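Scroll down for the structure; my scribbles are underneath it.
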Amino acid sequence: MDIRQQLHAAIKRLGADVPFVELEVPRVKEHGDLSTPVAMTLARTLKRPPRSIAEEIARELEQWQIFSSIEVKGPGFINFRFKREYLVEQLKEILTNTERYLRPHMGDGKRVQIEFVSANPTGPLHLGHGRGAAFGAALCNLLQRAGFDVEKEYYINDAGRQVQLLGESIYARYRELLESEYRFPEDGYQGQYIYDIAEELIKDRGRTYLDREFEEVKEEIINYGVHRMLREIEQDLKAFGVTFDRWQSERSLYSEGIVHSCLDELKERDLLYEKDGALWFRASEFGDEKDRVVIKQDGTYTYFASDIGYHWFKLRRGFDELINIWGADHHGYIPRIRAVLKALGQPDEKLNIILVQMVNLLRGGRPVQMSKRKGEFVTLREVIEEVGPDITKFIFLTRKADSHLDFDIEVARKESSENPVFYVQYAYARISSIFRKAKERGAEDLVIPGNLNRLSEDEEVELMKKLSLYPLMFEGAVRAREPHRVTFYLQELASLFHSYYNRHRVLTDDPQDARARLSLCSAIKRVLDEGLSILGVTAPEKM
RNA sequence: GCCCCCUUAGCUCAGUAGGAUAGAGCACAGGAUUCCUAAUCCUGGUGUCAGAGGUUCGAAUCCUCUAGGGGGCACCA
């Protein structure tokens with residue numbers, strides 16, 4: 001938003017330096033359309049009373065003709081009110097330069113890698129993964145629109161004990177199905193899906209594994225299970241509308257020598273040492289609470305070793321920023337991963353770890369009991385099938401990532417006003433319907449941007465203001481990496497539209513008015529469409 | 001035991017980089033449709049921002065302590 005730039009310039013002319021000009025929409029109408037407390041921030045460094053600074057800034061901006069008033073109020077707020085002509089100009093911009101207007105460039109082509117979901121290929125995705133998926137995908141959409149070069153990656157934990165257990169579990173069920181009774185591994189995966197995989201295995205490979213011990217065939221069975229699980233995970237994500245650019249296998253980090261090269265480099269830099277027959281990383285020198293084992297006494301690698309290698313590999317691929325979206329239960333790993341990047345000489349800001357909180361699944365207000373170990377859990381697929389992807393995503397994105405979320409299936413599936421998705425989608429469908437009607441009446445030419453100056457009803461002015469604030473909201477969401485701001489904005493915009501719709505007719509008898517109003521609707525429609533597409537939610541022409 | 005996150009209206013949550021008089025939705029009550037979709041709109045009222053200190057021109061927001069809820073501690077993954 002160039003108001004910020006103008007303020008920046010004005011402040012510079014005062015001889016002050018300011019890193020960021022805060023702009024906010026005042027809660028109270030009397031405080032104008034837009035406001036900045038920047039003079040108060042400057043008061044400290046300039047050692048001058050904030051009100052006099054504010055007045056000076058206000059004077060600087062008066063030459064710029066877009067405000068109907070600039071007032072200095074309270075301890076030193078500068079409050080702006082837009083001229084209607086300016087709002088009309090903005091509206092015209094949305095209609096003629098839609099993309100440039102709605103997608104302000106902030107990224108400068110900076111390369112960002114976003115790693116998310118990354119669920120172990122040992123079971124189906126559950127609802128918590130769905131939240132991570134919805135969030136990650138929305139964040140990607142957001143950053144892409146801001147001009148970042150984004151890569152979406154799924155990290156596959158296909159090495160180590162968990163997939164070993166998957167293999168053992170499948171093998172056990174395989175024998176059980178063919179011979180009855182077979183000892184099941186203690187921490188094995190007990191879900192029904194393991195039986196399903198075992199049955200497929202029987203169908204595909206017959207009884208060939210019966211006369212061989214697990215150790216002999218484990219490679220094959222693990223591979224079979226992992227591939228099978230990954231296929232399912234990918235399908236579930238696709239059904240949810242989430243796709244990835246890359247699937248990075250943990251195992252290939254070893255087979256391609258990435259972990260080795262990385263450890264070599266760390267060794268050269270004296271960041272590793274041997275103790276008690278194990279190899280340690282000096283994490284404690286870089287902010288972690290203690291050093292961490294990389295290679296165990298028995299010569300095998302820890303999970304942390306692959307993680308180091310993975311992040312090292314990401315850096316080598318030349319990204320400017322790495323975003324890791326993790327379940328909140330992983331927060332304990334943050335210091336050690338940060339330690340790795342610090343040890344490799346990377347600035348702190350390069351790695352951005354976003355925690356997505358757990359989802360509490362409810363049904364009719366009562367919690368649904370789940371246990372991954374016992375294999376009792378509600379899968380993402382089940383929820384998508386029962387509730388639908390749009391609703392599910394939208395609900396996930398009505399909260400910021402780092403807050404607990406109650407997801408009530410019963411409430412979510414209701415087609416009622418308890419469900420905010422419909423509210424926004426309905427606004428879109430209503431506008432679409434108006435355009436259909438306009439066409440029916442042979443008034444297609446009405447869609448040509450008409451004399452927008454006719455837009456002078458209170459509701460129209462409010463709508464234009466809201467539309468003109470989209471870029472400000474967008475920039476905030478991008479900067480904070482918070483897609484949920486888009487969700488809230490859309491609800492507010494939809495609300496203004498519904499009010500407008502109920503009070504005024506768009507297709508009035510006066511063709512000039514109708515034309516102007518259709519133009520306004522067209523802009524609203526575009527913004528709704530844009531916002532919904534960031535969230536990954538469809539914009540229906542009809543409901 | 002140690003560490004991290006959360007606590008805002010009856011419920012679910014926003015609160016934008018410390019800013020002005022604390023905001024939605026739901027629920028509850030009443031009303032609106034000769035006309036573009038009533039999945040809509042309009043009118044009603046709520047707060048010890050968990051509690052106590054502190055930082056400052058100014059705190060829901062930052063710091064310390066306390067309470068409650070969740071999560072995490074490994075040569076597991």
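The chains referred to below are lettered A, B, ... by the order of the sequence lines, with proteins before strands, and numbering in each begins at 1. Because the structure is a prediction, the values reported are computed rather than measured.
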With a centroid cutoff of 5.5 Å and a plane-angle limit of 30°, would you call F488(A) stacked on rA14(B)? no
Quick one: F497(A) CZ to rU40(B) C1', roughly how many Å, whole number? 10 Å
Walking RNA chain B from its 5' end, the first of D291(A) and T508(A) to be reached, judged by nearest nucleotide, is T508(A)
Distance check: side-chain N/O of T398(A) vs OP1/OP2 of rG25(B), anything under 4.0 Å? no
The side chain of E482(A) lies closest to which of these nucleotides: rG15(B), rA20(B), rU21(B)? rG15(B)
Given rC6(B), rG72(B), rC75(B), which nucleotide is nearest the side-chain atoms of H331(A)? rG72(B)
Specify the separation, in whole Å, of atom CD1 of I334(A) and atom P of rG72(B). 13 Å
In whole angstrom, what separates D406(A)'s CG from rA14(B)'s P? 11 Å
What is the distance from CG of L405(A) to C1' of rG69(B), rounded to the nearest Å? 16 Å
Just N and O in the side chain of S403(A): are any of them under 4.0 Å from OP1 or OP2 of rA14(B)? yes
Want to know the stems of RNA chain B: at least 3 consecutive Watson-Crick or G-U pairs with distances under 3.5 Å, which are they? B:1-7 with B:67-73, B:10-13 with B:23-26, B:28-32 with B:40-44, B:50-54 with B:62-66
Among rG19(B), rC5(B), rA17(B), which nucleotide has an atom closest to any side-chain atom of F77(A)? rG19(B)
State whether H484(A) places a side-chain N or O below 4.0 Å from either non-bridging phosphate oxygen (OP1 or OP2) of rG15(B). yes
Salt-bridge contact E168(A)-K218(A) (side-chain N to carboxylate O under 4.0 Å): no
Looking at residues at least two apart in the chain, or sitting in another chain, which of them share a salt bridge (charged side-chain N to carboxylate O under 4.0 Å, His left out) with K342(A)? none
Is any N or O donor-acceptor pair between the side chain of R44(A) and the base of rG58(B) shorter than 3.5 Å? yes
Indicate whether OP1 or OP2 belonging to rA74(B) is found under 4.0 Å from a side-chain N or O atom of K290(A). yes
Testing the 3.5 Å rule here: is there a donor-acceptor pair between the side chains of H330(A) and N324(A)? no
Any side-chain donor near an acceptor of the partner, N120(A) and T122(A), under 3.5 Å: no
Does K73(A) have a side-chain nitrogen or oxygen under 4.0 Å from the phosphate oxygens OP1 or OP2 of rG19(B)? no
With a 6.0 Å cut-off on ring centres, are Y489(A) and Y470(A) close enough? yes
Applying a 4.0 Å non-hydrogen cut-off, can you work out what K400(A) is touching in the nucleic acid: base, sugar-phosphate, or nothing? sugar-phosphate
When the distance from CD1 of I395(A) to P of rA14(B) is rounded to whole Å, what number comes out? 14 Å
For Y189(A) and Q162(A), which I'm curious about, is there any donor-acceptor pair between the side chains at under 3.5 Å? yes
Just N and O in the side chain of K439(A): are any of them under 4.0 Å from OP1 or OP2 of rC36(B)? no
Does a side-chain N or O of R399(A) approach OP1 or OP2 of rC6(B) to a distance below 4.0 Å, or not? no
Please give the distance between the C1' atoms of rU61(B) and rA17(B) as a whole number of Å. 10 Å
Would you say a side-chain N or O of R292(A) is under 4.0 Å from OP1 or OP2 of rA74(B)? yes
Centroid-to-centroid, F396(A) to H484(A), below 6.0 Å? no
Between CG of N419(A) and C1' of rG25(B) the distance, given in whole Å, is 11 Å
Looking at every strand, decide which applies to V163(A) at a 4.0 Å heavy-atom threshold: base, sugar-phosphate, or nothing. nothing
Using a cut-off of less than 4.0 Å, is there contact between a side-chain N or O of R27(A) and OP1 or OP2 of rA20(B)? yes
Would you call R503(A) and E457(A) a salt bridge, taking side-chain N to carboxylate O under 4.0 Å as the test? no
Reckon R479(A) has a side-chain N or O less than 4.0 Å from the OP1 or OP2 of rA17(B)? yes
May I ask you to check whether F116(A) and Y154(A) place their ring centres under 6.0 Å from each other? no
With the side chain of S499(A) defined as its heavy atoms from C-beta on, choose the nearest nucleotide among rG71(B), rC75(B), rC42(B). rC42(B)
Donor-acceptor pair under 3.5 Å, H404(A) side chain vs rG70(B) base: no
Look at the side chain of R503(A) and decide which nucleotide, out of rG15(B), rC42(B), rG19(B), has an atom nearest to it. rC42(B)
Do E462(A) and Y500(A) have a side chain donor and acceptor closer than 3.5 Å? no
Would you tell me if any nitrogen or oxygen in the side chain of Y423(A) comes within less than 4.0 Å of OP1 or OP2 on rC41(B)? yes
Does the side chain of R430(A) get closer than 4.0 angstrom to OP1 or OP2 of rA38(B) through an N or O atom? yes
Give the rounded distance in Å between these two atoms: CZ of R505(A) and P of rC41(B). 18 Å
For rU64(B) versus rC26(B), give the span between their C1' atoms, rounded off to a whole number of Å. 37 Å
Counting side-chain heavy atoms from CB outward, which of rC75(B), rG19(B), rU40(B) is closest to K296(A)? rC75(B)
Taking rA17(B), rC36(B), rU21(B) as options, the one with an atom nearest any side-chain atom of L507(A) is rC36(B)
Using a strict 4.0 Å threshold on nitrogen-to-oxygen distance, state whether K465(A) and D33(A) make a salt bridge. yes
In whole angstroms, how far is the P atom of rC6(B) from the CG atom of N360(A)? 16 Å
Could you tell me how far rG15(B) sits from rU55(B) if I compare only their P atoms? Round to whole Å. 28 Å
Taking atom P in both rA22(B) and rG45(B), what distance in whole Å separates the two? 16 Å
Quick one: which of rC76(B), rC41(B), rC36(B) gets closest to the side chain of H498(A)? rC41(B)
Closest-nucleotide ordering on RNA chain B, the 5'-leading residue of S35(A) and E250(A): S35(A)
Given the P atoms of rG69(B) and rU8(B), what is the spacing between them in whole Å? 14 Å
